[in-house]
Amino acid sequence: IRRKAFLREKAIKDYVTNIEGAREEGIKEEKISIAKKLLKENIEIRTIATVTGLTEEEIKELAKDK
């Protein structure tokens, strides 16, 4: 019974961890999408970094991929 309880608790924790990771990944993808749109509008990289929370280096990489 203890083993079953342990495995159930572990499964629940793993599930929660996966959901949190997916949420963070989705947020990051949205920030990247916004940054790309702002780059197309020729907004300053520093401003994009402030708005999105991405680093200037990340935004410069996105600009290269344009």
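Below, each value reflects all heavy atoms present in this structure, side chains not excepted, and no hydrogens, waters or symmetry copies.
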Practice problem: For atom CD of E56, decide whether the heavy atoms of other residues, nucleotides or ligands shown that lie under 6.0 angstrom number more than 12. | Solution: yes
Table please: side-chain donor-acceptor pairs of residues 3-18 below 3.5 Å, with sequence neighbours left out.
| from | atom 1 | to | atom 2 | distance (Å) |
| --- | --- | --- | --- | --- |
| E9 | OE2 | K13 | NZ | 3.1 |
| K10 | NZ | D14 | OD2 | 3.1 |
| T17 | OG1 | K13 | O | 2.9 |
| N18 | ND2 | D14 | O | 3.3 |

Exercise. Determine which pairs satisfy salt bridge (charged side-chain N to carboxylate O under 4.0 Å, His left out) with at least one residue from residues 15-26, sequence neighbours left out, and list them in order.
Key: none
Quiz item: With the 4.5 Å side-chain cut-off for hydrophobic clustering, are I34 and I27 part of the same group?
Solution: no
Throw together a table of side-chain donor-acceptor distances under 3.5 angstrom for residues 45-55, partners on residues two or more places apart or in other chains.
| from | atom 1 | to | atom 2 | distance (Å) |
| --- | --- | --- | --- | --- |
| T50 | OG1 | R46 | O | 3.0 |
| T52 | OG1 | I48 | O | 2.8 |
| T52 | OG1 | L54 | N | 3.2 |
| T55 | OG1 | E58 | N | 3.1 |
| T55 | OG1 | E58 | OE1 | 3.3 |

